[in-house]
Amino acid sequence: MMSPTRFRFLNVELDLDSAKDWNSESVSKLWTYNLHYFDDLNARSAAERLGWHLDLVHRWVEENPPGTGAGWEPYPLSLRIVNWIKWALAGHLLDPAVR
């Protein structure tokens, strides 16, 4: 996570400017999967990006309707669930909209 809206995976950077960017066709499926994993929630120095993370989690919920897009495919879904649970167990609040 380079900024609140910029991500680098597999040496490719992309801005997440709109809801359609969650499933951009300009990057590989693996890149898109990485975006949906939310690994950065539990990365070293993640505390420095807490505000970014809170905004991103809420944005994901708003911009990824149930069953729509790569984020709902089994593998990215399973990794995101684990990352969100680990983040919550570390003391971060998952409000009802996120749960």
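All values below were derived from every heavy atom in this structure, side-chain atoms included, with hydrogens, water molecules and symmetry-related copies excluded.
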Would you say the side chains of Asp39 and Asn34 form a donor-acceptor pair under 3.5 Å? no

Closest contact, heavy atoms only, Val27 versus Val12: CG1-CG1, 4.0 Å

Give the C-alpha distance, both sets of side-chain angles, the deciding distance and a yes or no for side-chain contact (heavy atoms from CB on, under 4.5 Å) between Arg80 and Leu77. CA-CA 5 Å; Arg80 186 175 56 261; Leu77 176 63; 3.2 Å; yes

Would you call the rings of Phe38 and Trp22 parallel, tilted or perpendicular, where under 30° means parallel and over 60° means perpendicular? parallel

Any idea which heavy atoms bring Met1 and Leu56 closest together, and the distance? CE-CD2, 3.8 Å

Please check if any side-chain donor atom of Trp60 sits under 3.5 Å from a side-chain acceptor atom of His36, or the reverse. yes

Would you please test Trp87 and Val57 for side-chain contact (heavy atoms from CB on, under 4.5 Å) and show each step? CA-CA 11 Å; Trp87 193 61; Val57 167; 4.3 Å; yes

Applying a strict under-4.5 Å side-chain criterion to I, L, V, M, F, W and Y, I'd like to know whether Val82 and Trp84 cluster together. no

Count I, L, V, M, F, W, Y as connected when their side-chain heavy atoms are under 4.5 Å apart, and connections chain through other members. Are Met2 and Trp31 then in the same cluster? no

Check whether any side-chain heavy atom of Leu41 lies under 4.5 Å from a side-chain heavy atom of His92, and answer yes or no. no

A side-chain contact here means heavy atoms from C-beta on lying under 4.5 Å apart; do Leu16 and Arg59 qualify? yes

Using side-chain heavy atoms (C-beta onward) and a distance below 4.5 Å, is Thr32 in contact with Asn23? yes

Looking at Arg8, I'd like to know if its CZ atom is crowded, meaning that more than 12 non-hydrogen atoms belonging to other residues, nucleotides or ligands lie closer than 6.0 Å. no

Please name the pair of heavy atoms, one in Ala97 and one in Val61, separated by the smallest distance, quoted to 0.1 Å. O-CG1, 3.6 Å

Atom pair CG (Leu35) and CG (Asp40), whose distance is rounded to the nearest 0.5 Å: 11.0 Å

With distance as the sole test, does Asp55 use its side chain to make a donor-acceptor pair with the main-chain N or O of Trp52 at under 3.5 Å? no

Under 3.5 Å, is there a donor-acceptor pair between the side chain of Asp95 and the main chain of Val98? yes

Hey, are the side chains of Leu10 and Ser28 touching, using non-hydrogen atoms and a 4.5 Å cut-off? yes

Look at the side chain of Trp72 and the backbone N and O of Pro65, then say whether any donor-acceptor pair between them is shorter than 3.5 Å. yes

side-chain contact (heavy atoms from CB on, under 4.5 Å) for Phe9 and Tyr33? Distances and angles first, verdict last. CA-CA 10 Å; Phe9 305 112; Tyr33 273 20; over 6 Å; no

Over all atoms of both residues, closest heavy-atom pair of Pro76 and Ala70: CG-O, 3.1 Å

Taking a hydrophobic cluster as the set of Ile, Leu, Val, Met, Phe, Trp and Tyr residues connected by side-chain heavy atoms closer than 4.5 Å, whether directly or through intermediates, do Leu93 and Leu50 fall within one such cluster? no

